[in-house]
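What follows is one structure encoded as structure tokens, with my remarks underneath.
Just so it is clear, the model here is predicted, and its values are computed rather than measured. To find a chain, count down the sequence lines: A is the first, B the second, and so on, and within it residues start at 1.
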Amino acid sequence: MATKTGSGLEYKGVASISGPIIVVENVQGVGYDELVSVKTQHGETRLGKVIQVTQKAVIVQVFEGTTGLSPSDTRTRFLGHSLEVPVSTEMLGRVMNSFGEPIDGHPRFFTEEKRDVNGYPLNPVAREYPKEFIQTGISAIDGLCSLVRGQKLPVFSGPGLAHNELAAQIVRQAQIRGGGEDFNIVFIAMGLEHDDAAFFQKSFEETGAIKNVAMFLNLADDPPVERIITPRTGLTLAEFLAFDQDRHVLVVMTDMTNYCEALREVSASMEEVPSRKGYPGYMYSDLASLYERAGRIHGKKGSITQMPILTMPNDDITHPIPDLTGYITEGQIVLSRSLEKQSIYPPIYISTSLSRLMKDGIGKDSTREDHANVASQLYSAYAQYNSVKSLVTIIGEEGLGQRDKEYLRFGEAFEKTLINQGKNENRTIEQTLSIAWDALSLLPDEELTSIKPEYIKKYYPKFASEVK
Amino acid sequence: MPVKGRVIRVAGPVVEASGMAQAVMHEMVEVGNDRLIGEIIRLDGEQATIQVYQNTSGLKLDEPVLGTGSPLSVELAPGIVGNVFDGIQRPLEELKILTGAFIKHAAGVTSLSRTKKWTFVPTAKVGAKLVGGDILGTVQETALFEHRVLVPVNVQGKLLKIVPKGDYTIIETIATLEVNGAKVDLPMLQRWPVREPRPHTKRLFATSPLITGQRVIDTFFPVAKGGSASIPGPFGSGKTVTQQQLAKWSDANIIIYVGCGERGNEMVDVLDSFPQLMDPTTGHPLMERTVLVANTSNMPVSAREASIYTGITLAEYFRDMGYAVALMADSTSRWAEALREVSGRLEEMPAEEGFPSYLPSRLAEFYERTGVVETLGSDKRIGSICAIGAVSPPGGDFSEPVTQHTKRFTRVFWALDAELAAARHYPSINWMASYSGYIQDLAEWWHKNVDKNWNSYREEAMRILQTEDDLKNIVKLVGPEALPDKQRLVLETARIIRIAFLQQNALDAIDTYSSPQKQFKMLKIIVDYHRLADNVVSKGAPIFKVTELPITEEIMRMKTAIPNDKVDLLDDLEKRMYESFGMLEATLR
């Protein structure tokens, strides 16, 4: 049955087809994880990879799905290497599919180097600790969960919340303080709706950022299994740009929820033992193999900063997708429906938001000496505000003590002036901190126990004006 | 003659091989032409199921599988301390030199350097009858750590020859023993299988605390040297920061930090900060007493399973030298998940949430390797291992299997709380949900070394916190203003305990570590404050008169204002507090 063509043996016919999985029998010399070319009876070629080799058969997962394949006429060829995708600086400004092939109608790339789509794990001792502050111009992020170069900081959103606007604003505004080169953007869409993809494209075009953006699109009507490849293709380019071309790369991946759904679909079709909510037990390791591709390397100029976006099913932060993500990423930015309802943009709920790498990215040398203290005070005061607010619903504002009333006023000002800002408003960190001090000044200075007395003297509006 | 079989099935990290009739369970094997390291986890006739610790991409059927004749083992000799290994003790610095920034396959890497020379100082005398565990000599491995070279566990006999003081590699013979009439040459290098606990003479009770400098831990929920503790918490609740604080400040001789399936950047944080942090007592970099086992989440999942065993075996080796060892495992949930993943690929019947039914027994085996022991050897040294395991429960739900089973096998439970973390109350250890089973065992140490009233003060403080917890439910309904002043005082004092004592800023140079003396004095000031305030409030002083006292704010800031080497300033503070209240009381008459 086997006929020799091109680089390897071509096998005609498959033993069984189920979901995205095909089983090919009587095959020899095939390696685990090898790339497979699958030809339909109409001559269309699809790609797949070997996910299990046994003496009897080879199990292949077909990325573009198995629709239209017939057991007798399908031809498979094993390519002897794992999936490789093209990487090139020419990909900036272009739109590609999940395999890195251009789909924007423009010509193919001139130089084409191919890389293994899975990459290799970065040796922890080769990593450099990320600590360069990125100013996004968004107060809630810069002031309270600062992003640094080489960090992976996801946005936990819900269906219908303003995550796309927020991501687009970050892409437009992100910069290193004191100038420096622009970010190259790798934009990875997984199961994204056409409208959302068009929104991003338009937003990049309007600001002229598009020439620095490489877009990898797997849209909602594209095969789900392909979604498992899309982020890997994009991240392979990001690694090339960052560590071969010395660029600073910001990777936006949306929507991780669709990615995880695809993972579950494939796992179920392979009849694997499911873990929570039917997701595969290896979802943590699988997500880590994407997220951990962010970072910096000693002795290299470039960096990969990741901003994955996910929509929490039913706004539930304990759902496996946000849960496992939160355990891998260096913090999270959480959007809240209740803030959105109060017309606060961006609706970032800071109490559950966090940036783990903030501590080394801020302070005297990078932002301002009082930044860490102010952030920590804002967090605890806002927590106090939230508990006072729940008290108000029961006993009314009149029943509150003086201090609690002050917290109430602080919290309202905090949400309206610090968190809330325009979709095109780009604040410097100094502006953010000055708004923060204005909000804190609604509390008496002895309440500010997280802030060093010397900073209170210098920045608390009442004392600061005395100094002047 | 080691076996030689061939690959018949590959499914991710699980490989099956035939022709393995001579192999033994848990034997280490080399798989494929690239000689990937694996371990036999099931034998069925002449077929073996192998868990492979490296990436199996490209592995083909019929590639060879070679037995090594020994179980998965670690290398034990000078060169461990200050080093960074992956889950199967491959040195990551060496790998970086060989394969660059990204980990690729590299054959022939040994865990410990064969060429580096160490200055060995012999202490055993020729002619002495030595048994396993006796000290042959020492190597000053780092400024903080003296490596004691021991007679291997099962060897005993007369010392025929020992080398003079000098520089030797770990494979050169340093001593020769006569064992049952035969001569046995001993190098410094030894091996030990990771899944087998190293033997000791007998177990002892844990009586001294592991001082961590973290107030909520040392004062309220202490762990003993040789004890075991678990830190469960949802993401973002500060597990890793707490673990790192413990690794930095614990008064153990050796710290083994196992990063098991966690973030790469966190390991870098440890790697960057530890060489710069100085040990509070000796002034040498903390890295000189630290061993890192780093199997980050993107490294092969099966090596993650092994990393916990690698860590605890290294810990036992140092314990056997007579040291107090503290092992931090972050996170044991990732280890359990690795078990689950491999179990799933073996198509075993799953128990709770897909975890294999042997999860509890594996956890028990691990935590049972902790403890205080009298080691082997004729000089009856005392060594201990304290294990602190982080647990990452999905969705922060403590009823999940890993948290529940860990709770059964550890005596201290530090429950991290998302709500506290959201208010940036760190360490976010919930004082109502946490417990320590060592308080009675350790009280004697505190009473002898710090103050005889330690336990009565900590109990009083706990009572205040407990009362606050009860009152909180009423406050939620009626607001604090509606409470009588005496109860409002409890709320005020509890607030001081929370902010001034329980909260501790890991990033503040002074606050990051509190000596036991400082901890006790701070606690005493707060509890006495409560007694004094309670007295004046009973005599009719309104509560705001108390909270308005400048001494209150001073107490709130004492943790960062008063360094560990000036704790007598706390005595001054206490004196001024008594005076303030005296003056307040005088105005009442």
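- A donor-acceptor contact shorter than 3.5 Å is absent between the side chain of B:Asn298 and the backbone of A:Ala288.
- If you measure heavy-atom distances from A:Phe243 to chain B, the contacts under 4.5 Å come from the side chain alone.
- Here A:Thr329 is the residue among A:Val392, A:Thr352, A:Asp404, A:Thr329 with the most heavy-atom pairs under 4.5 Å with chain B.
- Between the side chains of A:Ser285 and B:Arg304, a donor-acceptor pair is found at a separation under 3.5 Å.
- A:Ile328 and B:Ser297 make their closest contact through CG2-OG, 4.3 Å (heavy atoms, listed as atom of the first residue, atom of the second, distance).
- Residue A:Gln384: no heavy atom, backbone or side chain, is found under 4.5 Å from chain B.
- Here the OG atom belonging to B:Ser392 is positioned 10.0 Å from the CG atom belonging to A:Leu324, to the nearest 0.5 angstrom.
- For a residue to count as touching a neighbouring chain, one of its non-hydrogen atoms must lie under 4.5 Å from one of that chain's; by this rule B:Tyr426 touches chain A with the side chain only.
- Using a 4.5 Å cut-off between heavy atoms, A:Ile350 contacts chain B through its backbone alone, with no side-chain atom that close.
- The choice from B:Lys239, B:His425, B:Lys476, B:Gln503 that makes the most heavy-atom pairs within less than 4.5 Å of chain A is B:Lys476.
- Heavy-atom distances place both the backbone and the side chain of B:Lys96 under 4.5 Å from chain A.
- Contact check for B:Ile499 versus A:Ser450: no side-chain heavy atoms found under the 4.5 Å cut-off.
- With a threshold of 4.5 angstrom between heavy atoms, A:Ile297 approaches chain B through side-chain atoms but not through N, CA, C or O.
- The closest side-chain heavy-atom distance from A:Pro130 to B:Asn265 is below 4.5 Å.
- The greatest number of non-hydrogen atom pairs below 4.5 Å with chain B, out of A:Ala383, A:Gly401, A:Ser289, is found for A:Gly401.
- Looking at B:Arg488, there are no atoms closer than 4.5 Å to chain A (heavy atoms on both sides), in backbone or side chain.
- Residues A:Pro124 and B:Val84 are not in side-chain contact: their nearest non-hydrogen atoms beyond the backbone lie 4.5 Å or more apart.
- Heavy atoms of B:Val478 lying under 4.5 Å from chain A belong exclusively to its backbone.
- Rounded to the nearest 0.5 angstrom, B:Asp272 CG and A:Tyr129 OH are separated by 8.5 Å.
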Inset, instruction - Evaluate the criterion salt bridge (Lys or Arg N to Asp or Glu O under 4.0 Å) for residue pair A:Lys359 and B:Asp269; output intermediate values, then yes/no. - result: CA-CA 11 Å; A:Lys359 62 183 169 74; B:Asp269 191 13; 3.1 Å; yes

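- Here the side chains of B:Ile103 and A:Tyr120 are not in contact, with every heavy-atom distance at 4.5 Å or above.
- For A:Lys300, no part sits under 4.5 Å from any heavy atom of chain B, backbone or side chain.
- If you measure heavy-atom distances from B:Val10 to chain A, the contacts under 4.5 Å come from both the backbone and the side chain.
- Electrostatic pairing of A:Arg403 and B:Glu492 counts as a salt bridge here, judged by a charged N lying under 4.0 Å from a carboxylate O.
- For a residue to count as touching a neighbouring chain, one of its non-hydrogen atoms must lie under 4.5 Å from one of that chain's; by this rule B:Ile8 touches chain A with backbone and side chain alike.
- One finds the CD1 atom of A:Ile395 at 8.0 Å from the CD atom of B:Glu481 (value rounded to the nearest 0.5 Å).
- The only member of A:Val53, A:Thr54, A:Val27 that meets side chain to side chain contact (heavy atoms under 4.5 Å, CB included) when paired with B:Leu61 is A:Val53.
- Stacking of B:Arg334 on the aromatic ring of A:Tyr327 is recorded, both the 6.0 Å distance cut-off and the 45° axial limit being met.
- Within 6.0 Å of the NZ atom in A:Lys56, the count of heavy atoms belonging to other residues, nucleotides or ligands does not exceed 12.
- With a 4.5 angstrom heavy-atom cutoff, A:Ile394 touches chain B only via side-chain atoms.
- The shortest distance between side-chain heavy atoms of B:Phe235 and A:Ile317 falls below 4.5 Å.
- Between B:Ser57 atom OG and A:Lys49 atom NZ the span is 7.5 Å, to the nearest 0.5 Å.
- Between B:Arg263 and A:Arg356, some side-chain heavy-atom pair lies under the 4.5 Å cut-off.
- With chain B as the partner, the residue from A:Ala375, A:Pro453, A:Gly150, A:Ser387 showing the most heavy-atom pairs under 4.5 Å is A:Pro453.
- Remark: A:Glu34 CD to B:Lys60 NZ distance equals 5.5 Å, nearest 0.5 Å.
- Interface remark: of the candidates B:Glu16, B:Glu63, B:Glu93, B:Glu266, B:Glu93 forms the most heavy-atom pairs closer than 4.5 Å to chain A.
- Contacts between B:Pro393 and chain A at a heavy-atom distance below 4.5 Å involve backbone atoms as well as side-chain atoms.
- For A:Glu454, the CD atom sits in a packed shell: over 12 heavy atoms of surrounding residues, nucleotides or ligands are nearer than 6.0 Å.
- Annotation: the span from A:Ser380 atom OG to B:Leu420 atom CG amounts to 12.0 Å, rounded to 0.5 Å.
- Among B:Pro480, B:Gly354, B:Ala423, the residue with the largest count of heavy-atom pairs under 4.5 Å with chain A is B:Ala423.
- For chain A, the option among B:Asn55, B:Val301, B:Thr56 with the highest count of heavy-atom pairs below 4.5 Å is B:Thr56.
- Comparing A:Gly326, A:Gly281, A:Ser353 by how many heavy-atom pairs each has under 4.5 Å with chain B, the most go to A:Gly326.
- Neither the backbone nor the side chain of A:Pro320 has a heavy atom closer than 4.5 Å to any heavy atom of chain B.
- With respect to the salt-bridge test (charged N to carboxylate O, under 4.0 angstrom), the residues A:Glu447 and B:Arg495 qualify.
- In this structure, a donor-acceptor pair under 3.5 Å is present between the side chains of A:Gln52 and B:Arg9.
- For chain A, the option among B:Gly236, B:Pro394, B:Ala11, B:Gly479 with the highest count of heavy-atom pairs below 4.5 Å is B:Pro394.
- Atom CD of A:Gln28 has 12 or fewer heavy atoms from other residues, nucleotides or ligands within 6.0 Å.
- Between B:Leu271 and A:Val125, the closest side-chain pair of non-hydrogen atoms falls below 4.5 Å.
- Heavy atoms of A:Gln377 lying under 4.5 Å from chain B are absent altogether.
- The minimum heavy-atom distance linking A:Pro121 with B:Met299 is given by the pair CB-CG, 4.1 Å.
- The part of B:Thr296 that comes within reach of chain A is its side chain, from C-beta onward, which places non-hydrogen atoms under 4.5 angstrom from that chain.
- When all heavy atoms of B:Arg340 and A:Ser275 are compared, the pair lying nearest together is NH1-OG, 3.2 Å.
- Side-chain atoms of A:Thr449 and B:Arg557 form no donor-acceptor pair, as typed in the model, at a separation below 3.5 Å.
- Ranked by heavy-atom pairs under 4.5 Å with chain A, the list B:Gly344, B:Gly32, B:Pro234 is led by B:Pro234.
- For chain B, the nearby part of A:Arg276 is the side chain; its heavy atoms alone come within less than 4.5 Å.
- Atom CD of B:Glu419 sits in a sparse spot, with 12 or fewer heavy atoms from other residues, nucleotides or ligands closer than 6.0 Å.
- At least one donor-acceptor pair under 3.5 Å links the side chain of A:Tyr284 to the backbone N or O of B:Gly261.
- Of all the listed residues (A:Leu400, A:Leu357, A:Leu354, A:Val273), the one sharing the greatest number of non-hydrogen pairs under 4.5 Å with chain B is A:Leu354.
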